[in-house]
J.: 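Have a look at this one before I ask anything.
Here is how names work: the chains are called A, B, and so on, in the same order as the sequence lines, proteins then strands, and each is numbered from 1. Source: prediction; values computed, not measured.
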Amino acid sequence: MNLLEKLDAAAAARKSLLPDGVGAFGIPIEEVYSATEARIGDRRVLLLGTNNYLGLTFAPECIQAAHEALDKEGTGTTGSRMANGSYFGHRALEREFADFYQCSGGIVFTTGYQANLGTISGLVGPGDTVLIDGDSHASIYDGCILSGADIVRFRHNDVADMEKRLRRLGERVETTLIIAEGIYSMLGDQAPLAEIIELKNKYRCILLLDEAHSLGVLGETGQGLVEKTGLLKAVDFITGTFSKSLCSIGGFCVSNHPQLEQLRYVSHPYIFTASPSPATIASTRAALELLRKGSHLRTQLWKNCTQLYTQLKETGYQLGPDPGPVIAAILDTPQQALLMWRSLLEHNIYVNLILPPAAPEGKSLVRCSVNAAHTPEQIKYVGDTFAKLYNLVKS
Amino acid sequence: MSETDYDQIVQLLCDRLADLSKTSEESISPETNLITQLSIDSIKLLGLIMEIEDAFDISIPINALTDIQTVHELAELVHKIKSAS
């Protein structure tokens with residue numbers, strides 16, 4: 001089989017799951033009306049498949065900041081942070097993230113994906129070990145592969161399994177990086193951070209926590225799981241993304257370890273790419289300010305999460321263990337998930353369809369992402385529609 | 001590690017692979033290709049690796065699996081790691 005034939009085989013496998021070419025992946029959104037509504041084809045749909053957790057995509061403060069930066073600094077930096085791409089705004093945002101997390105330093109990356117790629121591949125290399133949760137995001141897996149370190153997985157959120165694997169590493173724990181996530185993107189559950197930190201201290205490893213989905217969502221000021229658990233100081237490195245609660249694109253890493261600065265000189269995903277555009281940086285700075293003061297947004301978000309999680313649970317859907325902004329209905333087959341996804345769209349609700357191998361344990365998911373801008377009526381309509389469609393997937 | 005240990009590894013792999021691929025254990029030999037003959041996808045393989053790690057109390061880095069195609073190659077990798085531990 002040549003290279004092109006291999007791609008044909010992969011395309012045939014995809015078509016066998018999506019026989020009539022339904023555009024479940026990369027569906028075109030024609031117009032966006034607000035943080036909760038858009039047009040897909042000729043349908044005005046409710047958006048339940050975005051990561052816009054605080055509903056800030058149309059926040060006037062962010063839009064104005066982006067406009068001003070565009071007018072003053074142009075459309076792009078046209079260069080790497082290492083060369084001509086470090087503007088005042090990039091450095092200011094790094095200081096603001098460091099301040100937000102009470103850390104001595106921070107680095108801004110061009111995407112959240114690159115934040116993990118760049119941080120992980122900067123921290124570990126061949127001969128070192130990364131110990132990662134089995135349900136880790138692809139950016140974590142890819143960062144580990146890029147690093148050349150040995151990759152060992154522990155069973156998802158299973159601390160006893162994690163300790164078993166730490167023990168087996170023997171003296172190699174000295175150069176082991178443990179990686180966990182504040183909220184996992186597939187089922188919306190949270191890492192058992194206190195127990196992980198206990199093991200990290202016992203075995204003297206370094207811990208990186210990815211707060212991509214938990215930034216803005218957990219904790220009084222929205223720092224994430226570190227704030228909710230009161231364990232901020234015990235985590236060595238925190239990464240996150242701008243593309244969820246902060247409603248732009250980019251990523252960051254903060255730490256109290258002075259060695260963080262060295263990443264700027266060894267991390268290819270930081271060096272060999274153009275830096276975020278001035279408008280992106282400006283809107284992110286404005287959004288971070290809103291996020292920090294946004295306890296009212298988090299209150300509304302959690303009301304919405306609890307309302308939908310409770311209704312789906314009562315209907316009989318199998319869900320992840322914790323209520324949260326990521327609420328995934330776990331279905332047995334890709335066909336069930338596709339049918340549910342399509343039926344929801346026919347009822348003018350857009351959610352995410354997740355099929356194997358992206359979903360854990362060979363399951364398929366219909367994943368809702370709730371945000372603070374959803375009204376109780378919108379959430380009720382979604383819950384009622386799921387209830388109406390339950391017979392489609394009832395086993 | 002003795003020859004018997006290698007045989008034990010192969011035996012365990014055949015047993016688990018038969019279960020995962022829903023095929024008879026007799027039809028699996030050391031030369032059997034995990035992907036083309038047993039349709040073991042990446043998710044199943046990663047699950048299998050965790051089981052082997054627990055069975056032999058070893059760590060198998062998943063990046064060591066890149067070149068593994070056959071039951072024999074996987075058994076040899078496990079054998080090598082177990083011998084070094």
J.: For A:A149, is there any backbone N or O sitting under 3.5 Å from a side-chain donor or acceptor partner on B:N63?
T.: yes
J.: Below 4.5 Å, heavy atoms only, C-beta onward: do B:E53 and A:V152 meet side chain to side chain?
T.: yes
J.: When you compare the side chain of B:P61 with that of A:T129, does any pair of heavy atoms fall below 4.5 Å?
T.: no
J.: Could you check A:R165, A:R167, A:K164 and say which one makes a salt bridge (Lys or Arg N to Asp or Glu O under 4.0 Å) with B:D57?
T.: A:R167
J.: CD of A:E174: more than 12 outside heavy atoms within 6.0 angstrom?
T.: no
J.: Say you draw a straight line from CZ of A:R168 to CD1 of B:I58; how long is it, rounded to the nearest 0.5 Å?
T.: 8.0 Å
J.: More than 12 foreign heavy atoms under 6.0 Å from NE2 of A:H257: is that the case here?
T.: yes
J.: Looking at CZ of A:R155 and CE of B:M50, how far apart are the two atoms once the value is rounded to the nearest 0.5 Å?
T.: 5.5 Å
J.: Out of B:I49, B:D54, B:I62, which one racks up the most heavy-atom pairs below 4.5 Å with chain A?
T.: B:D54
J.: So how far is it from A:L166 CG to B:S59 OG, rounded to the nearest 0.5 Å?
T.: 9.0 Å
J.: For A:I145, is it the side chain, the backbone, both or neither that has a heavy atom under 4.5 Å from a heavy atom of chain B?
T.: neither
